[in-house]
Protein chains: 2
Amino acid sequence: MNVINASPRRKELTRLAAQLFVQEGFDRTTVRMLAQEMGIKSGSLFHHFRDKQEILAAVIEEGTQNALNIAHRALELAGDDPDSRLRAMARAHLETLFTDRNAHVVALFEWRRLDPSARAHLSHLRDAYEALWVEVIDEALEAGLIHGDRFLVSRFILGALNWTVRWYDPGGSRSPDDLADELVFMIMPKTP
Amino acid sequence: MNVINASPRRKELTRLAAQLFVQEGFDRTTVRMLAQEMGIKSGSLFHHFRDKQEILAAVIEEGTQNALNIAHRALELAGDDPDSRLRAMARAHLETLFTDRNAHVVALFEWRRLDPSARAHLSHLRDAYEALWVEVIDEALEAGLIHGDRFLVSRFILGALNWTVRWYDPGGSRSPDDLADELVFMIMPKTP
DNA sequence: GTCTATAGGTGGATAGAC
DNA sequence: GTCTATCCACCTATAGAC
């Protein structure tokens, strides 16, 4: 149920907003900057969105939904092997952060800027994505591939992945897939 | 050389600013909010700091220097064992984030809000702290306790630790030290 | 070192014409 | 669906008295 994003025009604007929110941060991005990037005047923006908050909510919904879709697809291709499923999730996560649109980055780093009502509306979407992670972590735990508390392991892995946004250069020598594999290798060195 | 923080009064104000910056974020924290928290009027703030940027720089310098000091002390107590040294670093890091003041959180999460000149002035301090991490990681790698690229492993571990700020509840059942141990356990399961 | 008062600017958002 | 024009709240920073 996509209540927030309706028209194709709105979706296009949402995509542009995501880019600016990543570059400047939500608070520093003004409606005038958004409008200019979209090729319209600031007043026109409010024909598509009630207020600036609603733009953020639209971006975050888009980003999380997209991450969920990509993760689901990746898991289908990964088959049943817990090792390859975990690796697939890590790769999918970095794909949404770097090679895909920027909306997921906004969802992760600007979540706190959502007002309470938007947060309530979107939290189940975020929870669904995290539940997918815990599921795959559980499989790896049961298979004895990794060790620790399911909850904590999920948080640590997601933290390590999310923080790459702060230092990883996509233009460098390593691909996002490389990164994902290195992380999996770090917590699961021997694959007997 | 602490050029930025001079008077004790200034240090006290810096501590209060750190708290607000963590709660609200730098951009959303107004000089009026800062002044009120400090029990003065907003105009008086500029007797202590040239502008809002300088407050941020003071907080970040304080936070990073503090993290460096605490890490050094922890390593002295940890002795020579690579395992306990790595654990000591992880515990020290979470200590600066949760049980110590909030300044290190600001240093990590608001670094991008520094203007270029302040960033240039503070980056060597941040680099010194990260170099300490890489050093300890190197020891653990050489001892065969962990595996992977020294650079990537450092980033992943720091990312996992930093992201705890977004989900960990210090009022809950687990202590920061618990968290640190669980992370070390995740990447180094067998501790003979 | 703190106050009052205020300058000077920019922010989000609205109204109504086209 | 976009424009122009504009309101006004709030923000950073300054000046000068105490």
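Keep in mind that what you see is a predicted model, and the values were worked out from it rather than measured. So that the names make sense, note that chain A is the first sequence line, chain B the second, and so on, each numbered from 1. Only this structure's heavy atoms are used, side chains among them; waters, hydrogens and symmetry mates stay out.
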Can you tell me if the side-chain N/O atoms of Ser44(B) get under 4.0 Å from OP1 or OP2 in dC3(C)? yes

Under 4.0 Å between a side-chain N/O of Lys41(B) and OP1 or OP2 of dC3(C), yes or no? no

[X] [atom1] to [N] [atom2]: how many Å, rounded?
X	N	atom1	atom2	answer
Arg28(B)	dC10(D)	CZ	P	14 Å
Met33(B)	dC10(D)	CE	P	13 Å
Asp115(A)	dG12(C)	CG	P	15 Å
Leu20(A)	dG11(C)	CG	P	13 Å
Met38(B)	dT2(C)	CE	P	11 Å
Phe46(B)	dA15(D)	CZ	C1'	13 Å
Leu45(A)	dT4(D)	CG	C1'	15 Å
Ile40(A)	dC3(D)	CD1	P	7 Å

From the options His104(A), His72(A), His93(A), select the one residue that forms a side-chain hydrogen bond (donor to acceptor under 3.5 Å, both in side chains) with Tyr129(A). His93(A)

Aromatic rings Phe109(B) and Trp163(B): how do their planes relate, parallel, tilted or perpendicular, breaks at 30° and 60°? tilted

Verdict with reasoning, Tyr168(A) to Arg155(B), per side-chain contact (heavy atoms from CB on, under 4.5 Å): CA-CA 9 Å; Tyr168(A) 172 62; Arg155(B) 300 288 193 177; over 6 Å; no

Taking the minimum atom-to-atom distance to the side chain of [X], which one of [options] wins?
X	options	answer
His48(B)	dA13(D), dT2(C), dA13(C)	dT2(C)
His47(A)	dT12(D), dG11(C), dG1(D)	dG1(D)
Arg32(A)	dC3(D), dG11(C), dT12(D)	dG11(C)
Arg9(A)	dG1(C), dA13(D), dT2(D)	dT2(D)

Gln23(B), CD: over 12 other non-hydrogen atoms inside 6.0 angstrom: yes

Heavy-atom nearest nucleotide on DNA chain C taken for Ser42(A) and for Gly43(B); more 5' hit belongs to Gly43(B)

Under the criterion side-chain contact (heavy atoms from CB on, under 4.5 Å), which of Arg87(B), Met89(B), Glu95(B) is the partner of Arg91(B)? Arg87(B)

